[in-house]
Amino acid sequence: MMNRNHVAPSLNKPANRFAGQSVIANLLLITLWLWLFQPVLAYFRLILTQEDFRTNQLVLLGILLLLGWQIYQQRLRPRLDAPLRWRPVPLLLVLSTAVAFLLTERYLDINMLSALLFGLGSYGLAGLWLPAEKWRHGLPAALLLIGALPFGTHLQTFVGYPMRLATAALVRDGLHLMGIGSVGVDTILVFENGVSKIDLPCSGVQSLWTGLLFLLAATWLEQKRLGLKWLLTAVFLLLLLFLTNFLRVAILVLVGEVAQWRLLAEMLHVPLGVLGFVLACGGTLLLLRYFVPFISHAPALPATTPTLAPRWLRPALLLALLAFGLLYTARPVTGLTGTAVPLTLPLELQLTPEPLKPDEQAWLEKDGADTAVRYRFNWRGHTGSMILITSHTWRAHHRPERCFEVYGLTLHDSRPHLVTPDFPLRYVLLGDTADAPRVSAAYWFQSATQTTDDYATRIWADAQLQREPWVLVSILFDSHLPAHHPDTEELYHALHTAVGTTIE
């Protein structure tokens with residue numbers, strides 16, 4: 001009779017060897033995937049460390065805590081030796097996102113789009129190991145993690161401009177019906193930007209991002225099914241958020257612009273934003289609970305067994321990811337190839353050229369600026385520095401507030417200022433600490449036909465078939481000067497006229 005104690009070790013050796021090979025192959029597959037998306041990992045490191053993304057960091061922390069709790073509740077235990085499964089949809093998602101990432105990096109170089117592709121592709125990669133049902137049910141959690149990226153900022157830039165225009169037009173028409181015809185769209189836009197914190201998560205277009213995150217989290221926790229009814233619920237949420245923001249802006253304009261109670265309007269904008277957001281999310285949660293069906297947890301048929309991947313799939317996938325990594329090419333550097341045209345300025349404006357720093361020059365070259373010049377200036381005893389960046393693409397332009405903060409200055413205030421009715425600029429107060437402003441700054445974007453302080457307006461100008469050159473004019477004073485100081489107003493006029501002549 002055979003001794004089982006002597007037989008068992010010999011039977012376990014092939015199984016242990018196979019498990020060890022699976023662990024090595026799986027780790028190699030994950031390593032190649034991360035190697036392909038290494039530029040995105042550098043972007044993630046930026047998001048996780050910079051104070052500008054504090055809201056995203058807090059949102060991500062909350063999502064990770066929820067995810068950890070759900071994994072603990074469902075007793076899920078990831079296994080590095082899990083066998084690869086044959087899943088056509090996840091496999092297609094992996095390959096398509098990898099190819100799209102290569103094209104994006106080569107021709108667009110948009111960090112958010114690359115990060116989105118990494119998130120979707122990683123979810124597809126997980127589907128090659130997870131059971132099909134768990135993979136499908138994990139889609140809201142995956143979208144929630146992807147949604148923690150700073151989409152709010154980009155929504156503010158790309159969607160915020162047309163949304164603010166539509167809201168302002170509706171408010172203007174509503175005021176006209178009430179017999180108040182003196183308030184135009186431009187007045188509403190300037191007033192609303194000045195009295196409201198446009199980066200507040202429950203205010204304006206930012207609420208779209210925050211609201212969709214809330215809906216995804218509620219869908220995941222309530223175990224609701226993604227489908228047509230869920231899409232209708234999402235549309236309902238967006239309409240509610242737009243309506244509450246419209247009412248918020250209308251009340252602010254009535255109180256602050258029509259009644260001239262500006263201080264009261266400044267006190268109301270946060271409570272109105274929070275109240276509208278809470279009401280919209282509360283109504284959507286009720287609709288989600290009673291309108292959207294639950295995920296079906298019917299037991300699988302006995303004949304249903306996991307389909308293991310064919311032996312050729314793992315080496316083929318490894319070779320594909322290796323080839324993708326070797327084919328990776330960043331977008332070529334094409335900037336700063338033009339020659340700056342001298343400005344015709346008043347003689348009392350003394351300019352001294354100030355060379356760009358190497359990292360500044362590299363950034364402008366990468367993003368396709370035509371020209372960039374920086375000067376130290378002296379204007380009637382007021383000193384400071386200015387930079388003028390000419391470009392045919394919005395990518396080479398930016399919000400100067402970010403640059404001021406990079407150089408160690410604290411942002412105290414940033415608001416629109418009308419030099420003339422057709423010449424708006426952005427007036428900025430800065431300091432070394434959060435106590436009091438020490439210096440002031442101003443900037444605007446200018447083309448041959450338009451001047452704006454709104455970065456979104458600059459971006460949407462590139463939607464035209466025939467792009468025109470734009471100039472970013474950014475001025476940083478060495479002292480704190482009021483927005484309506486007569487000397488600075490004349491400096492703005494002189495620069496605005498000189499830049500306009502140069503563009504033409």
Original post:
How long is the gap from CZ on R376 to CG on L351, to the nearest 0.5 Å?
Top reply: 11.0 Å

**OP:** Please name the pair of heavy atoms, one in V40 and one in A115, separated by the smallest distance, quoted to 0.1 Å.
**Re:** CG1-CA, 3.7 Å

Subject >> Minimum side-chain heavy-atom gap L425-H496 below 4.5 Å >> reply: no

**OP:** Apply side-chain contact (heavy atoms from CB on, under 4.5 Å) to L252 and R248, showing your working.
**Re:** CA-CA 6 Å; L252 291 177; R248 180 183 69 88; 3.6 Å; yes

Original post:
Taking it one step at a time, do D367 and R331 satisfy side-chain contact (heavy atoms from CB on, under 4.5 Å)?
Top reply: CA-CA 9 Å; D367 284 340; R331 192 167 61 90; 3.7 Å; yes

Subject >> Atom CZ of R54 with >12 non-hydrogen neighbours under 6.0 angstrom >> reply: yes

Original post:
Which pair of non-hydrogen atoms, one from R106 and one from A330, has the smallest distance, and what is that distance?
Top reply: CD-O, 4.0 Å

**OP:** Please list, chain by chain and in numerical order, all residues satisfying salt bridge (Lys or Arg N to Asp or Glu O under 4.0 Å) with E365, sequence neighbours excluded.
**Re:** none

Subject >> Atom of E489, atom of A483 and distance for their closest heavy-atom approach >> reply: OE2-O, 3.3 Å

Subject >> Option passing side-chain contact (heavy atoms from CB on, under 4.5 Å) with L36 (candidates L102, L327, T31) >> reply: L102

Original post:
Do you know which two heavy atoms are closest between F445 and H398, and how far apart they sit?
Top reply: CZ-O, 3.4 Å

Subject >> Contact summary for Y43 and P150, nearest pair of heavy atoms >> reply: OH-CG, 3.6 Å

Original post:
Do W470 and W394 touch side chain to side chain, with heavy atoms closer than 4.5 Å?
Top reply: no

Original post:
Can the ring centres of F44 and F118 be said to be less than 6.0 Å apart?
Top reply: yes

Original post:
ring-ring contact (aromatic ring centres under 6.0 Å, His included) with F242: which residues, sequence neighbours excluded?
Top reply: none

Original post:
Quick one: are L60 and Q57 in side-chain contact, heavy atoms under 4.5 Å?
Top reply: no

Original post:
Would D478 and T383 count as having a side-chain donor-acceptor pair, cut-off 3.5 Å?
Top reply: yes

**OP:** Give, for atom OG1 of T393 and atom CD1 of I459, the distance between the pair rounded to the nearest 0.5 Å.
**Re:** 9.5 Å

Original post:
Can D453 and R415 be said to form a salt bridge (charged side-chain N to carboxylate O under 4.0 Å, His left out), step by step?
Top reply: CA-CA 9 Å; D453 68 307; R415 60 178 183 266; over 6 Å; no

**OP:** Please report the C-alpha distance between L495 and M386 in whole Å, then the side-chain angles of each, then the deciding distance to 0.1 Å, and finally whether the side-chain contact (heavy atoms from CB on, under 4.5 Å) criterion is met.
**Re:** CA-CA 11 Å; L495 285 172; M386 69 174 71; 4.0 Å; yes

Original post:
Is there a side-chain contact between T344 and T501, using heavy atoms and a 4.5 Å cut-off?
Top reply: no

**OP:** Evaluate the side-chain contact (heavy atoms from CB on, under 4.5 Å) criterion for residues Y123 and L145: first the C-alpha distance (whole Å), next the side-chain angles of each, then the deciding distance (0.1 Å), finally the verdict.
**Re:** CA-CA 10 Å; Y123 174 67; L145 281 172; over 6 Å; no

**OP:** Output the distance between atom CZ (R374) and atom OG (S474), rounded to the nearest 0.5 Å.
**Re:** 10.0 Å

**OP:** Check ring-ring contact (aromatic ring centres under 6.0 Å, His included) between H485 and all other residues, then give those that pass, not counting sequence neighbours.
**Re:** H382

Original post:
For W35, does the CH2 atom have more than 12 heavy-atom neighbours from other residues, nucleotides or ligands under 6.0 Å away?
Top reply: yes

Subject >> For the student: nearest non-hydrogen atoms of P140 and T219, plus distance >> reply: CG-CG2, 4.3 Å

Subject >> Test of ring centre spacing under 6.0 Å for F101 and F37 >> reply: yes

Subject >> Atom pair CD (Q450) and CH2 (W444), whose distance is rounded to the nearest 0.5 Å >> reply: 15.0 Å

Subject >> Polar contact flag, side-chain donor to acceptor under 3.5 angstrom, T449-E468 >> reply: yes

Subject >> Identified side-chain contact (heavy atoms from CB on, under 4.5 Å) counterpart of F277 within the set L241, N245, L272 >> reply: L241

**OP:** Any chance you could measure D454, atom CG, to R399, atom CZ, to the nearest 0.5 Å?
**Re:** 7.5 Å

Subject >> Interatomic distance, E401 atom CD to R426 atom CZ [nearest 0.5 angstrom] >> reply: 6.5 Å

**OP:** Please examine the side chains of T371 and I389, heavy atoms only from C-beta on, and report whether any two atoms are closer than 4.5 Å.
**Re:** no

Original post:
Is W33 close to I30 at the side-chain level, that is, under 4.5 Å between some pair of heavy atoms?
Top reply: no

Subject >> Heavy-atom check, side chain of V439 versus side chain of F404, under 4.5 Å >> reply: no

Original post:
Just wondering, do P400 and L472 contact through their side chains at under 4.5 Å, heavy atoms?
Top reply: yes

